[in-house]
Amino acid sequence: MEHMYLPGTIRDRITDLMKEHKISQTDLAVRIGTTDSTISRFLTGKTDKLSDENIIRIARAFNVSTDFLLGVSNIPDRKNFEIAELGLSVQAARNLYTGKVSPNVVNRLLESPRFAEVTYMLEQYFDDTLAEGFAGQNQLYATLSAMLRNKVKTDAAVQAAQTVNRMRVPAYQADLTFIQNQFMAAIREVKKEIGSDFTAIQAMNKEVAEKIFTELTKGQDVQHPTATPEQIADAITRSVAGIEGVHQQALDKLGSALVEFMNSTLQQVTEQEKDDAGKG
């Protein structure tokens, strides 16, 4: 959840941020490349002038948005970042902007603490940090196995040597296994957080089906209702007619396809019943 502040002026914001970060006027002046007196005169009200450039630099120094600094927003988190500040390549940013990758999925993964661990492991995988560790571990197992076989001439030692030797794993395979397990765990946690609409969808489908059945059997003997394929198709298409993006032409095609399918199915059932009766 985003941290919120009480409403305040730009002077209030700067003063609060300096206290929160334990930064003096002199430190702030050095960070934004201005003089101590410039900061002091503004904060004490001796002047109302603070250049736009200084406002931007102060916002960046405290990693807050300029809207927050100016009192427009009570949430300090920045909403806009330069590509370079985020460490993204131009192509990566373009993929996000154009929708080649799903911003929603990327956002959820970046918010996941476990996915942060995955990125750290991937970094180690790319620079061979983990591989070097497993290579060293494998060398240790190999040395220990050789010592058991060569130095201790017993059946138990030979069996122990074989056991130790089986503990060796391909360095990169170990990396990938760990990364895969962590990544899948992150995916499961994100999915759990999002939840599932299956129950709601099932309930909605049941409600729609019950409504269609009620309309089709209206005024009939409920124990022995009858309905033609045309009636069933018409009831189904009318049930989705109000959904946004559904066009009448598409509904007409759906209705025709349903009628054809049901007639074909009924014909097959009838023919099967005749065949069964003839065999009897």
Side-chain angles (χ1 to χ4, degrees), residues 1-120 122-123 182-183 185-197 199-200 244:
M1 182 180 292
E2 297 173 310
H3 179 52
M4 293 187 64
Y5 285 68
L6 293 174
T9 65
I10 184 172
R11 289 189 177 88
D12 296 329
R13 293 283 197 250
I14 295 174
T15 301
D16 290 343
L17 288 168
M18 288 170 58
K19 289 179 180 178
E20 182 178 338
H21 293 272
K22 297 180 174 59
I23 294 177
S24 66
Q25 290 183 11
T26 301
D27 291 335
L28 181 58
V30 171
R31 289 193 182 196
I32 67 172
T34 190
T35 62
D36 191 354
S37 61
T38 298
I39 301 295
S40 178
R41 284 170 56 79
F42 180 75
L43 293 180
T44 57
K46 293 181 179 179
T47 180
D48 291 328
K49 293 181 180 180
L50 189 63
S51 69
D52 293 343
E53 183 62 31
N54 279 335
I55 292 175
I56 294 172
R57 289 177 179 177
I58 291 173
R60 288 179 176 173
F62 291 113
N63 197 29
V64 297
S65 67
T66 52
D67 280 352
F68 170 75
L69 206 59
L70 295 170
V72 177
S73 170
N74 294 327
I75 299 175
D77 296 353
R78 293 172 61 187
K79 301 297 182 183
N80 299 310
F81 292 86
E82 296 290 335
I83 293 176
E85 289 182 277
L86 294 175
L88 295 176
S89 67
V90 173
Q91 185 59 51
R94 184 182 293 117
N95 287 344
L96 281 169
Y97 183 75
T98 58
K100 286 186 177 180
V101 296
S102 170
N104 182 48
V105 172
V106 172
N107 189 58
R108 287 189 177 277
L109 287 174
L110 291 178
E111 290 177 350
S112 166
R114 191 180 292 275
F115 185 71
E117 296 177 18
V118 174
T119 61
Y120 176 68
L122 283 169
E123 184 178 21
Q182 285 293 94
F183 182 72
I187 296 297
R188 285 191 291 270
E189 288 179 359
V190 170
K191 176 58 179 173
K192 184 178 179 180
E193 181 182 333
I194 295 173
S196 173
D197 292 332
T199 302
E244 184 178 354

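For the single chain, residues carry numbers from 1 onward in sequence order.
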List the steps, then state whether side chain to side chain donor-acceptor pair (under 3.5 Å) holds for Asp12 with Thr15.
-> CA-CA 5 Å; Asp12 296 329; Thr15 301; 5.9 Å; no
Thr26/Ser24 under side chain to side chain donor-acceptor pair (under 3.5 Å): CA gap, chis, key distance, verdict | CA-CA 5 Å; Thr26 301; Ser24 66; 4.5 Å; no
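Taken from CD1 in Ile14 to OG1 in Thr9, the straight-line distance is 8.5 Å, to the nearest 0.5 Å. Rounded to the nearest 0.5 Å, atoms OG (Ser102) and CG (Leu109) are 9.0 Å apart. Atoms CD and CZ, on Gln182 and Arg114 in that order, are 5.0 Å from each other to the nearest 0.5 Å.
Contact of the Glu20 side chain with the Asp16 side chain is not registered, since no non-hydrogen atoms from C-beta on lie closer than 4.5 Å. Taking 4.5 Å as the limit, every side-chain heavy atom of Val190 sits out of range of all side-chain heavy atoms of Phe115. Proximity of Val64 to Ile58: side-chain heavy atoms (C-beta onward) are nowhere separated by under 4.5 Å. The shortest distance between side-chain heavy atoms of Thr119 and Phe183 does not fall below 4.5 Å.
When all heavy atoms are compared, the tightest approach of Arg13 to Leu69 is CG-O, 3.5 Å. Of all heavy-atom pairs between Leu17 and Phe62, the closest is O-CE2, 3.6 Å. The two residues Ala59 and Thr66 come nearest to each other via the heavy atoms CB-CG2, 3.8 Å.
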Side chains of residues 50-57: which donor-acceptor partners sit under 3.5 Å, not counting sequence neighbours?
residue: Ser51; atom: OG; partner: Asn54; partner atom: N; Å: 3.1
residue: Ser51; atom: OG; partner: Asn54; partner atom: ND2; Å: 3.2
residue: Glu53; atom: OE2; partner: Arg57; partner atom: NE; Å: 3.1
residue: Arg57; atom: NH1; partner: Ile32; partner atom: O; Å: 3.0

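Between the side chain of Asn107 and the backbone N or O of Asn104 there is no donor-acceptor pair closer than 3.5 Å. At least one donor-acceptor pair closer than 3.5 Å links the side chain of Thr44 to the backbone N or O of Ser40.
The salt bridge (charged side-chain N to carboxylate O under 4.0 Å, His left out) analysis of residues 25-50, with sequence neighbours excluded, yields the pairs Arg11-Asp48.
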